Each structure stands twice: as C-alpha cells, then as structure tokens.
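Chain identifiers are assigned alphabetically (A, B, ...) following the order of the sequence lines, protein sequences preceding nucleic acid strands; residue numbering begins at 1 within each chain. This one's a predicted model, so the numbers in the text were calculated from it and none came from an experiment.
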There are 2 protein chains.
Amino acid sequence: MELGSNRKSRMISLLRNANVRITDQRIALLSVISEANDHPDVLELQKRAKKICPSISLATVYRTLLSFLESGVVHRNSFEGGGARYEMAKEEHHDHIIDVDTGEVVEFNSDIIENLQFEIASKMGYDVIHHRLDLYCRKVSK
Amino acid sequence: MELGSNRKSRMISLLRNANVRITDQRIALLSVISEANDHPDVLELQKRAKKICPSISLATVYRTLLSFLESGVVHRNSFEGGGARYEMAKEEHHDHIIDVDTGEVVEFNSDIIENLQFEIASKMGYDVIHHRLDLYCRKVSK
DNA sequence: AGAATAATGATAATCATTCTCAAAGATAAG
DNA sequence: CTTATCTTTGAGAATGATTATCATTATTCT
Ligand SMILES: [Mn+2]
Ligand SMILES: [Mn+2]
Ligand SMILES: [Zn+2]
Ligand SMILES: [Zn+2]
C-alpha cells in the first residue's frame, strides 16, 4: 500500500518536531494510529502498519509506541484482559465504556465527574496526576 | 506462627460455606486477606500466608485467589505497574487513590460519581456491569 | 560520498499468570 | 480406624505481554 504524499509529509513534519529520525516504520505507525477511530492493540497496529511498511517488526512497534507515549502523541489504555490498546491523544480528555460482550469501546466525558475527582483528591490532600475511569458494560436488552 | 482457634474456626466455616475442602493453605490465605488492611499483591500474600502455612506455593496462592474471586469474597485490583493487588470484598463499594510516589493506596467513594456513571451509561444504552476508577495522585506539597 | 549516530529486526530475557501432572491430603463409606 | 474416591497441592513447564540485547542497516551531518 502507498501513502498519500500529503498525509506522508504531515507525518514527517510531526516526527521532525519530535526530534527523531524519519523512518518508514515511524511514518507508517503514526499514520495508522492517527487514522484509526478505534482502540487497536499492538498486534492490530502492526498488521495495519505492515500494509504501508511490510518489514516492521513487533519490537519496533513496541519501541515506537513507547516513544510516542513519552512525547504525548498517543495514549495507552490497559483494559481488562489482553494487552494494551492505543489511540491518538486527543485535544480533550475522555473516559471509556467497554462492551464486555464484544470488546467494543465507546468514549464519553463528564466535566462533573472530572471535577468531583479533583475535589475528592484535594480534600484528602492529593493532586490528581492522571486517572482511569473504565465502565465495563452490557447493551441494555430492549 | 499459630492461628487463634476462634479465627481459625471462623475461616473454616467460611470455607465450608463455599463448598470446598478445608486445607491449611486456604485457611492461611483467607485469614491473611481478611486481616490485611492494605492492598497486597500475590507475593506479599504468599509471604504472609507462609507464616501460618510455610509450605504454601505460588501456584496455590494464584489458584486460591481465583476461587475466592469467583465466589466473591475478594476483589482484585489491577493498578498500573506490577501485578494485581487483592483485598477482602467489603460491604460497600469503593474506589482508589494510588500515591504515584509511594504506591500507597487509599480508598474513597462518592455516590454522586457512582450515579453519574450509571446515568451516562444508561443514556448510551448500556448497563454498567462493573467499573474501575483509579486516581493516580501525589501528595500536595504543603 | 563518508563518518558518525540512531533505529531496526531477530531473538533472548523478564514478569505475571496459568497449566500439567504425579504425589499428598481431605472426605465419605464401611 | 481403614479404605476407596475424589480434590488439592507443589514444582516446574508453558503462555502471553512486554522489554532488553546486539549485530546489521538506515538516517543524518559534514
Ligand atoms: Mn479513547
Ligand atoms: Mn480497596
Ligand atoms: Zn476522566
Ligand atoms: Zn466506583
């Protein structure tokens, strides 16, 4: 598979910003993650990236995800069962509903909950550095 | 170490209720968990249980925790980094604050947050089966 | 182009957890 | 209390996810 040159140069400039060398595997992974609208795991990401860069190894996928994570461009979700699942870091924070039957993930966010978390922690003498709110759910039977 | 016979028979009747054979390792583990007021991991649980039943193996700790989990007498917490941490199932639900510097865990609960979770899920067509709310925090510098 | 430096792929190592199976232990019947 | 049956245990192998190692290859700088 080929990568549109507009998309490709967008990826390249993002990588340049991050001060890392421009490689086919990093371009491929970044492209795959930024295009995804789900929450794929490492194997799925490798599978998708291989369509653009067939040689990409699992080790490189893990390494690259770690560096993207540290530079804040991706988020890692550790849901129950199976390995971590990744997504592009969005402008605004959100939490997740995980369908326990299908594994599907949907997003939500609640300013009220976020504020309550802050207040509760504060009252107990803590600053919230980060948090995880996962709702494991089942579709209501109509 | 010995186990007070009052405590021991309390453990035994709990196990009898669960319809499993009464073994020294199950008595030891159950006793250790029900006495803990922190959130120990498997290795810590084995260490503590060994004081009562020196022969208890890691495999048995894992196996027994799983059966306790299935019968609902313990809860398993998967915090970031390291293995699962366990606690006795309490009457009422609570969530956790994890001190990112020390690993210490403190508990809290907020009916308002719980209700909001329910409402959000409901509005999106889901029933909440279970959930996880972990606040990774740092003590406020005075 | 050539030297310097960083990234990659293959694979070994690690960590948490589960599985396997022969030996030991618990329970129930006689 | 003994025996027969059925369950649990301990030791270690196996698994799954992730990280580390290191020689080879690719990128960047001059
Ligand atoms: Mn998301
Ligand atoms: Mn707790
Ligand atoms: Zn949130
Ligand atoms: Zn809760």
Overall bend of the helix from C:dA1-D:dT30 to C:dG30-D:dC1 (five pairs an end, 10° steps) is 30°
Can we say A:E35 and A:R7 salt-bridge, meaning some charged N sits less than 4.0 Å from an Asp/Glu carboxylate O? yes
Do side-chain atoms of A:Y136 reach the backbone of A:E80 as a donor and acceptor pair under 3.5 angstrom? yes
Taking the side chain from A:R76 and the backbone from A:L65, do they hold a donor-acceptor pair closer than 3.5 Å? no
Please indicate whether A:F108 has more than 12 foreign heavy atoms, meaning atoms of other residues, nucleotides or ligands, lying under 6.0 Å from its CZ. yes
Under 4.0 Å from any heavy atom of chain B: name the first and the last nucleotide of DNA chain C that qualifies, 5' to 3'. C:dA16 to C:dT27
Walk along nucleotides 8-13 of chain D from 5' to 3' and tag each nucleotide B, S or - by protein heavy-atom contact under 4.0 Å, base first, then sugar-phosphate. SBBBB-
For DNA chain D, what residues of residues 68-86 of chain A have any heavy atom nearer than 4.0 Å? A:G83, A:A84
Assuming nearest nucleotide by heavy-atom distance, tell me which of B:Y62 and B:R16 is located more 5' along DNA chain C. B:Y62
Salt-bridge contact A:R48-A:D38 (side-chain N to carboxylate O under 4.0 Å): yes
Under 4.0 angstrom, heavy atoms only, what part of the nucleic acid is B:L66 near: base, sugar-phosphate, or nothing? nothing
Residues in contact with DNA chain D, drawn from residues 27-42 of chain B - heavy-atom cutoff 4.0 Å: none
For the ring pair A:H130 and A:H93, is the centre-to-centre distance below 6.0 Å? no
For A:N109 and A:E114, test the side chains for any donor-to-acceptor distance below 3.5 angstrom and give the result as yes or no. no
Looking just at side-chain N and O atoms, do B:S13 and B:R16 make a donor-acceptor pair shorter than 3.5 Å? no
Looking at B:K123 and B:E119, is any side-chain nitrogen of the basic one under 4.0 Å from a carboxylate oxygen of the acidic one? no
Sequence neighbours excluded, the answer for ring-ring contact (aromatic ring centres under 6.0 Å, His included) partners of B:H96 is B:H39, B:F79, B:H94
Just wondering, are more than 12 heavy atoms of other shown residues or ligands nearer than 6.0 Å to NZ in A:K8? no
Verify, without hydrogens or angle tests, whether B:T64 (side chain) and B:V61 (backbone) share a donor-acceptor contact under 3.5 angstrom. no
Keeping A:Q46 on the side-chain end and A:I56 on the backbone end, is there a donor-acceptor pair under 3.5 Å? yes
Does atom CD1 of A:I112 have more than 12 heavy-atom neighbours from other groups under 6.0 Å away? no
Mind checking whether A:L14 and A:V20 sit in one hydrophobic cluster, side chains of I, L, V, M, F, W, Y counted as touching below 4.5 Å? yes
